[in-house]
Amino acid sequence: MTKLAKMNTPIFWAEGHPGALDRENWTLKVHGSCKEPQVFSWQDLQEMPQVRVEARLTSVTRWSVFGAWTGVSFDEILRRVQVSDSCKYLRFWSVGRIYDTSIPRSIAEKGHSLIAWAFDDELLSEDYGGPIRALIPYLWGYKSAKSMIEIELMDYYVPGFWEMRGYTDSGKIEAGACRDINDGGKIKRIPDGEVKDFV
Ligand SMILES: Nc1nc2c(c(=O)[nH]1)N[C@H]1C(S)=C(S)[C@@H](COP(=O)(O)O)O[C@H]1N2
Ligand SMILES: [Mo]
């Protein structure tokens, strides 16, 4: 069992669990507002400069999990596809292409946002969005699309799966009670904005 599973981290698949996914043959298509659209293979991603960030995934349903996430930065991907100046949002698509969500490019370019494939040095299972997922610790967890297959570079915003069902477009984290998954689900309080720690 992985650490995420051992801690009983909730597993959210609003569109239905995708089942077993093929890590070695995974691809990520990046297209839209850029000069060089590309399809990155699992191998391509592994060969890019890796980043490891200590960050929290915090759900609007009020739980937060902290750990070291490993992957590649959006900066690296955007550079390789030669993103256009007009690109203002990144639209993430999960496997099955039912679940999508968009974030401002400026947040993707912040240091703790990444395309992650490991948590605490263990590869992400399908339950937790493997082979690769977005990890956007600055915003509510619904912006961190799991099992990502595509990034659409957008000049304008479109609401995604949860945003069309009432969650905010900004995904801005709001202060309040929140379960600490690393501490057995104990109820604590989080501040507004990126959750670095409980208050
Ligand atoms: N494809 C997909 N990605 C998703 C979701 C989902 O239902 N489907 N739920 C989101 C929400 S609301 C949260 S809080 C996190 C939860 O991540 P976890 O299931 O790995 O704990 O994934 C996000 N990414
Ligand atoms: Mo969530």
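Counting starts at 1 for both ligands and their atoms, following the listed order.
- A ring pair (Phe, Tyr, Trp, His ring centres under 6.0 Å) check over residues 30-60, counting only residues at least two apart or in different chains, returns the pairs W42-W117.
- In terms of the side-chain contact (heavy atoms from CB on, under 4.5 Å) criterion, residue partners of A108 (sequence neighbours excluded) are, by chain and number, F74, L90, I103.
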Output a table of donor-acceptor pairs, distance under 3.5 Å, between side-chain atoms of residues 156-163 and any protein atom two or more places apart or on a different chain; print 'none' if there are none.
| residue | atom | partner | partner atom | Å |
| --- | --- | --- | --- | --- |
| Y157 | OH | D169 | OD1 | 2.8 |
| E163 | OE1 | G160 | N | 3.0 |
| E163 | OE2 | T101 | OG1 | 2.6 |
| E163 | OE2 | K143 | NZ | 2.8 |

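- Using modelled atom types, one side-chain atom of T9 and one backbone atom of L4 make a donor-acceptor pair closer than 3.5 Å.
- Residues of the protein with a heavy atom under 4.0 Å from ligand 1 are T9, P10, I11, F12, W13, A14, E15, L57, S59, W63, S94, Y99, Y128, R133, G141, Y142, S144, A145, K146, listed by chain and number.
- Looking at heavy atoms from C-beta onward, E174 lies in side-chain contact with W140 at the 4.5 angstrom threshold.
- With contacts defined as side-chain heavy-atom distances shorter than 4.5 Å, the pair H112/E194 qualifies.
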